[in-house]
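Sharing a structure below in structure tokens format, with a few things to ask.
Below, all heavy atoms of this structure are taken into account, side chains as well, without hydrogens, waters or symmetry copies.
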Amino acid sequence: MTKIKLCGMMREADIDAANDLMPEYVGFVFAEKSKRAVTRERAAELKRRLAPEILAVGVFVDAPEGEAAVMLNSGLIDMAQLHGHEDEAYIARLRKLTAKPIIQAFRVENAGSVERAALSTA
């Protein structure tokens, strides 16, 4: 089954649209360099407005494991999506800090990178 995530939630209007559309997930970006980055406080404000059936995903880029774990374990976000250079050791450390779901994104630049991404998920 296909699932949908709307990412880059920053404004109340974004959350209102998500509540109307009812995707399975919305994303809050915690990568400072992103133009769609939000603070923990802003994400908390927006999540309070979010329909309870929609799961909040925290998007991280090379963040310290503890930072992601605190947000996961506090209920600010329901799952983490990793978009940096996080390796298997990073994910293992994060898994020791939380039981919440973790998604790892892969950048696909060519056929060779697709093969490497497939091998690293096995």
Handout entry: Shortest non-hydrogen contact between Ala68 and Leu94, atoms and distance
Key =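 Where Ala68 meets Leu94 most closely, the heavy atoms are CB-CD1, 4.2 Å.
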Problem - Interatomic spacing from OG1 in Thr39 to CD in Glu32 - rounded to 0.5 Å - result: 11.0 Å
Practice task
Looking only at non-hydrogen atoms, find the nearest pair between Ala69 and Leu97 and report the distance.
Solution key: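 Here Ala69 and Leu97 meet closest at CB-CB, 3.6 Å.
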Practice task
Please round to the nearest 0.5 Å and tell me the distance separating atom CG of Asp62 and atom NE2 of His85.
Solution key: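 One gets 6.0 Å once the value is rounded to the nearest 0.5 Å.
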Handout entry: Minimum side-chain heavy-atom gap Glu24-Ile54 below 4.5 Å
Key = no
Practice task
Nearest 0.5 Å please: distance from the CE atom of Met22 over to the CG atom of Leu6.
Solution key: 11.0 Å
Handout entry: ring pair (Phe, Tyr, Trp, His ring centres under 6.0 Å) contacts touching residues 29-83 (sequence neighbours left out)
Key =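 Only Phe30-Phe60 qualify under ring pair (Phe, Tyr, Trp, His ring centres under 6.0 Å).
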Exercise for the section: Step by step, work out the side-chain contact (heavy atoms from CB on, under 4.5 Å) result for Leu82 and Tyr90. Expected result: CA-CA 10 Å; Leu82 308 177; Tyr90 175 100; 3.9 Å; yes
Problem - Closest contact, heavy atoms only, Ala56 versus Leu50 - result: CB-CD2, 4.4 Å
Practice task
With side-chain contact (heavy atoms from CB on, under 4.5 Å) as the test, would you mind laying out the steps for Met9 and Val38 before giving the verdict?
Solution key: CA-CA 8 Å; Met9 303 285 105; Val38 293; over 6 Å; no
Exercise for the section: Can you tell me which residue pairs pass the salt bridge (charged side-chain N to carboxylate O under 4.0 Å, His left out) test with a partner in residues 72-85, sequence neighbours excluded? Expected result: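 Residue pairs passing salt bridge (charged side-chain N to carboxylate O under 4.0 Å, His left out), neighbours aside: Lys47-Asp78.
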Exercise for the section: Determine yes or no for a side-chain-to-main-chain donor-acceptor pair under 3.5 angstrom, with Thr98 supplying the side chain and Arg95 the backbone. Expected result: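 A pair under 3.5 Å: no.
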Practice task
Hydrophobic side-chain clustering at under 4.5 Å (ILVMFWY, transitive links): who's grouped with Val61? Put none if nobody.
Solution key: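 Under the 4.5 Å side-chain rule, Val61 groups with nothing.
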Exercise for the section: Output the rest of the hydrophobic cluster of Val29: all Ile, Leu, Val, Met, Phe, Trp and Tyr residues reachable through side-chain heavy-atom contacts under 4.5 Å, sorted by chain and number. Expected result: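 In the cluster with Val29 are Val59.
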Practice task
State, yes or no, whether a side-chain contact exists between Glu86 and Arg93 at a heavy-atom distance under 4.5 Å.
Solution key: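 A side-chain contact is absent here, since even the closest heavy-atom pair is not under 4.5 Å.
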Problem - Side chains of Val26 and Cys7 in contact at under 4.5 Å (non-hydrogen atoms) - result: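 No, their side chains stay 4.5 Å or more apart.
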Problem - Contact check, side chains of Ile91 and Gln104, non-hydrogen atoms, under 4.5 Å - result: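 In short, these two side chains touch, coming nearer than 4.5 Å.
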Fill in the blank from the handout: Apart from Ile103 itself, its cluster of hydrophobic side chains linked below 4.5 Å comprises Tyr25, Leu55, Val57, Met79
Practice task
Determine the minimum heavy-atom distance between Arg36 and Gly8, stating which atoms define it.
Solution key: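 Taking every non-hydrogen atom into account, CD-CA, 4.0 Å.
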Handout entry: side chain to side chain donor-acceptor pair (under 3.5 Å) partners of residues 1-14, not counting sequence neighbours, each pair once
Key =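 Residue pairs passing side chain to side chain donor-acceptor pair (under 3.5 Å), neighbours aside: Lys5-Gln81, Arg11-Asp14, Glu12-Arg42.
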Exercise for the section: Measure the CG-CD1 distance between Asp20 and Ile15 for me, rounded to the nearest 0.5 Å. Expected result: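 Result: 11.5 Å between the selected atoms.
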Practice task
To the nearest 0.5 angstrom, please state how far the CD1 atom of Ile102 sits from the CD atom of Glu65.
Solution key: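 Ile102 atom CD1 to Glu65 atom CD measures 10.0 Å (nearest 0.5 Å).
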Problem - Where Ala37 and Ala31 come nearest, the two heavy atoms and their spacing - result: CB-O, 3.1 Å
